[in-house]
Amino acid sequence: MMIESWNPPLLHDYSKLSRQSSRDDGETNHSAKLVMEEYELPLIDLSGLKSKDERQKISCENAIAKASSEWGFFQVVNHGVSLDLLRKMRREQMKLFKASFQMKATCGILNNSYRWGNSTATCPKQFSWSEAFHIPMTKISEADSYGEFTTLREVMVEYAAAMQDLAKSLAGVLVRNLGQRDNLIKGICNESSCFLRLNHYPPCQISPEIFGLVPHTDSDFLTILHQDEVGGLQLMKDSKWIAVKPNQNALIVNIGDLFQAWSNDVYKSVEHKVMANGKMERFSIAYFLCPSYDYLIGSCKEPSIYRKFTFGEYRYQIQQDVKLIGHKVGLSRFVL
């Protein structure tokens, strides 16, 4: 057995795409060379949300709204999610990804949610050097989908519930900031529509310019990311890529397309990516706050920048774009 038999055949798949590509010189990614230094995301202490001092509470809410408008990303501490729970979830995640590739890909773990690389990629620049379990929240509690990973279920159920509570709390702040009822989004995003994604980025020695995850915006209301100390996350800021300095003691929050549309561009869904690491593997877990597929996304105020659309319609358009042109187009498809 090969030492790295738990890793998916990323090298094989990437090499196959490289051979098939007729424009080798134009298909590699050069954006990594443009990153000059690491930046720290705005850091917000969420203990202010529960403060009895009204000024402190308002200050915290304003900081969340400001970061969502100016960065589309921020990081939070004192967020209410147990650090012990975060550590346990990371241990279980690492144990899961160390299972053999054959087991992950064929035995139906976690409702057959395993994926690697990018099955729709037609050239190297569309390829993601990573593997993941993308799990609907409705499937997390199903005991028979865990196989031999019996200790993972209890931890993941607790983790998902904690992330859902935090996501709804932050969504409530952002909704109130725009003068709306804070339960507006809380009521439409529940276990039936949200997702949890476990990510693993194996070392990649081919080139420092290969994507761990291709540039994209998130298609939800907001995302909460728990990452390790290995860097790689980059985002678009002031029309240039910047590297995010990792802080494993904080959770990262980013705005998704639906919140940008609903807020009429007050909040920004920012393009981001992960760059592969030549020596170290990287782990992260993302929670996605989503509505049901039939929920109609409108604007909180008029005149609206975007036409109304359902989440299902939005997801379908993304899938069609990826299938036809190789990448997501997103909100620009829905501009009035």
Side-chain angles (χ1 to χ4, degrees), residues 7-35 72 105 112-134 195 197 199-202 204 206-220 223 225 232-237 239-242 254-258 260-261 268-277 282 284 286 288 290 293 306-307 309-335:
N7 283 335
L10 296 170
L11 179 58
H12 171 272
D13 293 352
Y14 183 85
S15 299
K16 185 178 179 181
L17 281 175
S18 296
R19 290 194 299 270
Q20 291 175 347
S21 176
S22 60
R23 304 191 307 275
D24 288 340
D25 291 339
E27 298 298 357
T28 54
N29 166 53
H30 296 284
S31 60
K33 295 179 180 178
L34 302 178
V35 179
N112 292 305
S113 60
Y114 179 71
R115 59 191 67 178
W116 75 93
N118 187 342
S119 61
T120 61
T122 58
C123 59
K125 71 177 181 180
Q126 296 172 2
F127 189 78
S128 293
W129 192 275
S130 59
E131 60 179 334
F133 286 89
H134 192 80
F195 293 84
R197 183 181 174 102
N199 300 304
H200 175 227
Y201 303 89
C204 175
I206 301 176
S207 168
E209 298 175 12
I210 291 179
F211 295 128
L213 194 60
V214 296
H216 66 285
T217 58
D218 289 353
S219 302
D220 56 354
T223 304
L225 181 72
L233 177 63
Q234 298 180 7
L235 60 88
M236 186 65 72
K237 174 68 172 168
S239 301
K240 67 177 182 180
W241 288 106
I242 65 169
N254 68 276
I255 300 300
D257 297 341
L258 302 188
Q260 176 167 327
K268 301 299 189 296
S269 180
V270 173
E271 190 176 24
H272 53 285
K273 61 186 178 182
V274 176
M275 301 307 299
N277 189 299
R282 179 178 184 269
S284 69
F288 301 95
C290 304
Y293 281 154
Y306 306 96
R307 69 174 177 85
F309 56 87
T310 66
F311 184 44
E313 180 184 1
Y314 191 68
R315 288 291 298 269
Y316 177 77
Q317 182 63 61
I318 291 170
Q319 292 166 358
Q320 290 300 107
D321 285 337
V322 170
K323 183 178 180 180
L324 293 174
I325 62 178
H327 63 86
K328 171 184 172 181
V329 176
L331 282 178
S332 60
R333 289 283 196 207
F334 297 83
V335 173

In the structure I gave you, are the side-chain heavy atoms of [X] and [Y] within less than 4.5 Å of one another anywhere?
{"X": "Ser130", "Y": "Val274", "value": "no"}
{"X": "Tyr201", "Y": "Asn277", "value": "no"}
{"X": "Asn7", "Y": "Glu131", "value": "yes"}
{"X": "Trp116", "Y": "Asp13", "value": "yes"}
{"X": "Ser219", "Y": "Ile318", "value": "yes"}
{"X": "Glu271", "Y": "Lys273", "value": "no"}

Which heavy atom in [X] sits nearest to a heavy atom in [Y], and how many Å separate them?
{"X": "Met236", "Y": "Ser239", "answer": "SD-C, 3.4 Å"}
{"X": "Trp129", "Y": "Ile210", "answer": "CB-CG2, 4.1 Å"}
{"X": "Ser128", "Y": "Leu213", "answer": "OG-CA, 3.5 Å"}
{"X": "Phe195", "Y": "Cys290", "answer": "CD1-SG, 4.2 Å"}
{"X": "Phe288", "Y": "Thr223", "answer": "CD2-OG1, 3.5 Å"}
{"X": "Val335", "Y": "Tyr306", "answer": "CG2-CE2, 3.7 Å"}

Roughly how far apart are [X] [atom1] and [Y] [atom2], rounded to 0.5 Å?
{"X": "Ser18", "Y": "Ile206", "atom1": "OG", "atom2": "CD1", "answer": "7.0 Å"}
{"X": "Lys240", "Y": "Gln234", "atom1": "NZ", "atom2": "CD", "answer": "12.0 Å"}
{"X": "Phe309", "Y": "Leu331", "atom1": "CZ", "atom2": "CG", "answer": "5.5 Å"}
{"X": "Cys123", "Y": "His327", "atom1": "SG", "atom2": "NE2", "answer": "9.5 Å"}
{"X": "Gln320", "Y": "Gln317", "atom1": "CD", "atom2": "CD", "answer": "7.0 Å"}
{"X": "Leu233", "Y": "Ile242", "atom1": "CG", "atom2": "CD1", "answer": "9.0 Å"}

Asp321, Thr217, Val214 screened by side-chain contact (heavy atoms from CB on, under 4.5 Å) with Lys328, the one that passes: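 The option that passes is Thr217.
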Flag for Ser269-Asp257: side-chain donor and acceptor within less than 3.5 Å: yes
Phe211 ring center near His216 ring center (under 6.0 Å): no
Phe127 and Tyr14 aromatic centres sub-6.0 Å: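 Yes, the ring centres sit under 6.0 Å apart.
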Flag, side chain of His272 to backbone of Val270, donor-acceptor distance under 3.5 Å: yes
Check ion pair Arg197-Asp218 (N to O, under 4.0 angstrom): no
